[in-house]
A.B. asks: 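Just dropping this structure here.
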Amino acid sequence: MRYCIIILFGLLIITSSVCSADTTEAQPETVTEKPILEIQAVNLASSIANTTTNASDEEYTLGAEDIIEILVRRHPEFSDKFKVNKDGKIQYKFVGDIEVAGLAKDELNKKLTNIISQYVVEPEINITILDYKSKVFYVIGEVSRPGKYYMMGNTLSVREAVVTAGLPLMSAAMRKCRLIRPDISGKPINTKVDIYSVLYGGDLKKNINMLPGDVLYVPSTVMAKVMRVISPVTAPLTNAASTGKTVVSAGAGIP
């Protein structure tokens with residue numbers, strides 16, 4: 001038992017010295033500011049969700065896997081839902097394959113008008129994007145819902161990206177986030193992102209845009225890393241204290 005206590009005491013000393021040495025890793029908010037930040041985060045997520053939905057719908061350029069609906073007024077034979085294939089085309093009735101990749105809704109409307117005009121006089125066409133699947137981005141690390149997400153525009157701000165992923169956790173080093181973007185050769189380009197200033201400081205100059213394929217990485221603080229290392233060691237001691245049992249470390253002699 002005493003060996004485990006000595007090991008635990010040593011780990012606590014290391015934790016204290018690491019956290020005091022690396023002051024740049026600590027988050028600027030104090031304990032009393034935590035509830036305020038949580039309230040601000042909820043309000044921010046709500047406001048962004050209400051203002052960004054379909055904000056870039058008209059400028060969105062179609063790509064593979066997107067699903068669209070084409071309605072030609074008074075001509076249901078030309079109306080249907082279509083999925084853009086891997087070649088960036090849709091199979092249209094009476095016409096065949098039509099290239100749609102890279103076109104915005106207005107551009108596709110004009111293209112279809114020219115095509116359908118061969119069959120219908122002054123066609124009235126309405127195009128709706130039903131599912132956005134061609135442009136993806138990733139948010140990983142210390143956020144509530146890390147994973148793969150789809151863009152509803154050609155770009156997405158880091159603020160919208162981190163809100164979509166459920167906002168940073170309390171263990172996140174928000175001033176040390178990174179935007180990872182592959183260049184033409186495939187080599188990753190890392191850009192530092194200060195999520196704290198963007199979310200809670202109102203510094204929109206740091207609210208840079210993400211492109212399809214970008215990865216936003218939200219790292220953890222030094223304290224969070226250390227606690228994850230010592231948790232497996234302290235857990236048996238905590239359990240032993242609650243049950244009254246004696247825990248002997250592996251390899252230690254019995255006194």
Side-chain angles (χ1 to χ4, degrees), residues 24-31 33-57 59-67 129-183 186 188-228 231:
T24 59
E25 186 75 28
Q27 294 301 316
E29 64 269 20
T30 63
V31 175
E33 289 175 329
K34 297 289 187 180
I36 297 176
L37 291 181
E38 291 176 354
I39 295 173
Q40 290 176 341
V42 173
N43 294 336
L44 177 65
S46 177
S47 63
I48 291 179
N50 291 333
T51 58
T52 60
T53 304
N54 289 330
S56 303
D57 183 75
E59 298 178 359
Y60 182 86
T61 54
L62 297 170
E65 304 301 322
D66 285 334
I67 299 177
I129 302 175
L130 299 179
D131 209 355
Y132 299 79
K133 291 291 186 180
S134 65
K135 299 174 178 61
V136 301
F137 66 96
Y138 305 85
V139 182
I140 59 177
E142 302 298 304
V143 291
S144 298
R145 299 187 299 272
K148 171 184 176 182
Y149 295 92
Y150 297 97
M151 290 184 175
M152 297 179 66
N154 296 324
T155 62
L156 183 79
S157 70
V158 293
R159 184 179 69 168
E160 293 175 358
V162 76
V163 170
T164 300
L167 295 172
L169 302 174
M170 286 302 182
S171 57
M174 290 187 280
R175 293 194 184 278
K176 296 189 176 183
C177 301
R178 297 201 309 272
L179 178 63
I180 306 171
R181 177 179 298 164
D183 61 11
I189 300 174
N190 287 270
T191 303
K192 184 179 178 181
V193 181
D194 186 349
I195 289 296
Y196 182 86
S197 294
V198 172
L199 289 178
Y200 307 112
D203 191 351
L204 296 183
K205 293 181 180 179
K206 297 181 180 180
N207 189 27
I208 61 179
N209 282 333
M210 297 179 64
L211 299 177
D214 283 357
V215 178
L216 179 62
Y217 171 55
V218 182
S220 59
T221 62
V222 168
M223 174 62 80
K225 293 176 182 177
V226 172
M227 292 305 296
R228 287 169 184 168
S231 291

A.B. asks: Below 4.5 Å, heavy atoms only, C-beta onward: do Ser220 and Arg228 meet side chain to side chain?
C.D. replies: yes
A.B. asks: Angle between ring planes, Tyr149 versus Phe137, binned at 30° and 60°: parallel, tilted or perpendicular?
C.D. replies: parallel
A.B. asks: Working to the nearest 0.5 Å, report the span between CD1 of Ile129 and OG of Ser134.
C.D. replies: 8.5 Å
A.B. asks: Under a 4.5 Å cut-off applied to non-hydrogen side-chain atoms, are Asp194 and Cys177 in contact?
C.D. replies: no
A.B. asks: Evaluate the side-chain proximity of Tyr200 to Met174: yes if any heavy-atom separation is below 4.5 Å, no if none is.
C.D. replies: yes
A.B. asks: Where is the tightest heavy-atom contact between Ser144 and Gly166, given as atom of each residue plus distance?
C.D. replies: OG-O, 2.9 Å
A.B. asks: Against the six-membered ring of Tyr150, is Lys135 placed for a cation-pi contact (under 6.0 Å from the centre, within 45° of the normal)?
C.D. replies: no
A.B. asks: Is it true that a side-chain atom of Arg178 and a backbone atom of Val218 form a donor plus acceptor pair closer than 3.5 Å?
C.D. replies: no
A.B. asks: Decide side chain to side chain contact (heavy atoms under 4.5 Å, CB included) for Leu167 and Leu199; before the verdict, give the C-alpha distance in whole Å, the side-chain angles of both, and the deciding distance to 0.1 Å.
C.D. replies: CA-CA 9 Å; Leu167 295 172; Leu199 289 178; 4.3 Å; yes
A.B. asks: What residue among Asn207, Val163, Val198 forms side-chain contact (heavy atoms from CB on, under 4.5 Å) with Ser157?
C.D. replies: Asn207
A.B. asks: Is there a side-chain contact between Leu216 and Ile140 in this structure, where contact means two heavy atoms from C-beta onward sitting under 4.5 Å apart?
C.D. replies: no
A.B. asks: Between Tyr60 and Met152, what is the shortest heavy-atom contact and its length?
C.D. replies: CD1-C, 3.7 Å
A.B. asks: Do side-chain atoms of Asn154 reach the backbone of Glu59 as a donor and acceptor pair under 3.5 angstrom?
C.D. replies: yes
A.B. asks: What distance separates Lys206 NZ from Thr191 OG1, expressed to the nearest 0.5 Å?
C.D. replies: 14.0 Å
A.B. asks: When rounded to the nearest 0.5 angstrom, what distance separates CG in Asp131 from CD in Glu65?
C.D. replies: 10.0 Å
A.B. asks: Does Ile189 reach the side chain of Pro182, with side-chain heavy atoms less than 4.5 Å apart?
C.D. replies: no
A.B. asks: On a heavy-atom basis, which atom in Ala224 and which in Ser171 lie closest, and how many Å separate them?
C.D. replies: CB-CB, 3.7 Å
A.B. asks: Any chance the side chains of Ser197 and Arg175 put a donor and an acceptor closer than 3.5 Å?
C.D. replies: yes
A.B. asks: Evaluate Lys225 against Glu142 for salt bridge (Lys or Arg N to Asp or Glu O under 4.0 Å), listing each step before the verdict.
C.D. replies: CA-CA 11 Å; Lys225 293 176 182 177; Glu142 302 298 304; over 6 Å; no
A.B. asks: Between Ile195 and Pro168, what is the shortest heavy-atom contact and its length?
C.D. replies: CG2-CG, 4.1 Å
A.B. asks: Identify all side-chain donor-acceptor contacts of residues 208-215 below 3.5 Å with residues at least two apart in sequence or on another chain.
C.D. replies:
{"from": "Asp214", "atom 1": "OD1", "to": "Arg181", "atom 2": "NE", "distance (Å)": "3.1"}
{"from": "Asp214", "atom 1": "OD2", "to": "Arg181", "atom 2": "NE", "distance (Å)": "2.9"}
{"from": "Asp214", "atom 1": "OD2", "to": "Arg181", "atom 2": "NH2", "distance (Å)": "2.7"}
{"from": "Asp214", "atom 1": "OD2", "to": "Leu211", "atom 2": "N", "distance (Å)": "2.7"}

A.B. asks: So do Thr164 and Val139 actually touch side chain to side chain, heavy atoms under 4.5 Å?
C.D. replies: no
A.B. asks: Work out which heavy atom in Val143 is nearest to a heavy atom in Ala165; give both atom names and the distance.
C.D. replies: CB-O, 3.8 Å
A.B. asks: Would you please test Lys133 and Asp66 for salt bridge (Lys or Arg N to Asp or Glu O under 4.0 Å) and show each step?
C.D. replies: CA-CA 5 Å; Lys133 291 291 186 180; Asp66 285 334; over 6 Å; no
A.B. asks: Run the ring-ring contact (aromatic ring centres under 6.0 Å, His included) test against Tyr217 and tell me which residues pass, sequence neighbours left out.
C.D. replies: none
